[in-house]
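Below, read A as the first sequence line, B as the second, and so on, with proteins coming before strands; counting in each chain starts at 1. The shown structure was predicted, so the numbers you read here are calculated from the model rather than taken from an experiment. Just the heavy atoms: all of them, side chains too, but no hydrogens, waters or symmetry mates, feed the values below.
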There are 2 protein chains.
Amino acid sequence: MVDVNVGGRAPLKLNVTYSRQTEAVLREMVLDGTLTPGERLNEVALSAALGISRGPLREAIQKLVGEGLLRVQSHRGAYVREYEPREIIELYEMRAALELYAVRLAVERASDTDLERVHNILLQSSDSPGHQPQPGPYVAELDFHQQLVELAGNSIISANCLEMNRRLYPPLSRTPRDPQRVQNAVAEHQRVMTALRSRSRAGASAAMEQHLANSMRNSLVVLGLETVTLES
Amino acid sequence: MVDVNVGGRAPLKLNVTYSRQTEAVLREMVLDGTLTPGERLNEVALSAALGISRGPLREAIQKLVGEGLLRVQSHRGAYVREYEPREIIELYEMRAALELYAVRLAVERASDTDLERVHNILLQSSDSPGHQPQPGPYVAELDFHQQLVELAGNSIISANCLEMNRRLYPPLSRTPRDPQRVQNAVAEHQRVMTALRSRSRAGASAAMEQHLANSMRNSLVVLGLETVTLES
DNA sequence: CAACTGGCAACTGTTGACAGTTGACACTAA
DNA sequence: TTAGTGTCAACTGTCAACAGTTGCCAGTTG
């Protein structure tokens, strides 16, 4: 339980348990690199650092294991998950499956006003060529994708896309972004938006597929995985 | 720790923790209806019934919350998740997104022997018209879908399909299966397999899309949800 | 020298107890 | 009667201690 004081109001008891807070803190620590891939989580030390006992910490760890950010071995504790080349490809494919379907749904479901809203977000990010968006181009790109997926109106698909993007973030955020690729990506986004606004299912689907293929190929090259394949 | 004795061998200490076992037991209890949707889980009573303390039980609950089978409210405990019509549609769409993409990958990746193996499974289930498969037609159908998805060689997509099927199982397993629909489904499966074996990407994709659309429409009618829509 | 063994420290898995919250019920007052 | 209040049992959230396992290292043996 945490006491909060906002604007001189009476203290308000926040109904957020330690285990929930810890879950969020831990997720952030994995995503921002405070905990590096492969690193082991010492429950005693970590709970002490967070000022809680091991119970809530262990519950939080279980949740993150379910999200694929951590892994546990019996009696050997939790590790930050390391990314094998194969897994990165699989994550990309999973994301592609969801986003392709989402775009197709969005063609039929998105309202005109929603389409305009997302289109404006895209225009803002491309209007200012020299002016890099604050959280970095990669975050901006992921954000646009997420906005696009939301247009499908399917919360389960949205949530899973978010999870895939989170899992892709640690390895990708450590690699430099080629400015040329960023520019190409924006152009590809615009092609998707154009097709969406003309309600062309085939067009939007094709544009998105093209973009996802380019995006994946580029990432694999940057990560030095272009030779890896999933062929059995 | 559990002692196990198989075939007169020396007792073997299984390295499976209570929390892992509890996770599996609890999942089974939700899926087979021992715990009914909306039912509240009393931690004290449940841990006593399982012969463990509340710690491991709570960890297991967190895992199942992550899988979408349970839900928790602060200081009010865990509930078996109830299925709103909207959620069922969303689950179907999510599954469709993954299976459609999986089939397209399978066209390029599945080996001939794997295709034959899955084809044989399908033949066996359709060869014996009067002879119902043991676990019931719905389980057989889900099993075939899962086999199909595995052909894509993407473990993340496979795992997520499995999770979607698990979440769809509780509401669907309670409804009767129309024998005519079961027969149609098998025919549709065969159309998918035929296209797959001739390595026709467009054909397999179209056949799968058709099948998924029919399957979803049928389920919604059976569940009395045919009027529900996700249009925004 | 290499392989094995025993013991130890560090850590995870589990437990039982305590603290705080919730929902229901009985009681009171308008 | 009905709205409001106080009380309490039942329950969840958290903690600290205990029990069991693992990995390491020194010592031993061939």
Quick one: do [X] and [Y] make a salt bridge, cutoff under 4.0 Å?
X: A:Glu90; Y: A:Arg95; value: no
X: B:Arg76; Y: B:Glu43; value: no
X: A:Arg167; Y: A:Glu87; value: yes
X: B:Arg20; Y: B:Glu59; value: no
X: B:Lys63; Y: B:Glu67; value: no

Any side-chain donor paired with an acceptor under 3.5 Å for A:Arg217 and A:Asn214?
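Looking only at side-chain atoms, A:Asn214 and A:Arg217 do form a donor-acceptor pair, the distance falling under 3.5 Å.
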What's [X] touching, base or sugar-phosphate or nothing? Going by heavy atoms closer than 4.0 Å.
X: A:Leu41; answer: sugar-phosphate
X: B:Leu46; answer: nothing
X: A:Gly77; answer: sugar-phosphate

Can you give me the bend angle of the helix from C:dC1-D:dG30 to C:dA30-D:dT1? Use the axis through the first five pairs and the one through the last five, nearest 10 degrees.
10°
Ignoring the backbone of A:Glu43, work out which of D:dG13, C:dT12, C:dT15 is nearest its side chain.
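The closest nucleotide is C:dT12.
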Just the rounded figure in Å: distance from [atom2] of [N] to [atom1] of [X].
X: B:Arg54; N: C:dG16; atom1: CZ; atom2: P; result: 12 Å
X: A:Asn42; N: C:dA10; atom1: CG; atom2: C1'; result: 8 Å
X: B:Gln62; N: D:dT14; atom1: CD; atom2: P; result: 10 Å

hbond_proxy A:Arg76 side chain to C:dG13 base (donor-acceptor, 3.5 Å cutoff)
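Looking at the base of C:dG13, it does not pair with any donor or acceptor on the side chain of A:Arg76 (distance under 3.5 Å).
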Could you pick out which residue, B:Arg40 or B:Ile52, lies toward the 5' side of DNA chain C when each is mapped onto its nearest nucleotide?
B:Ile52
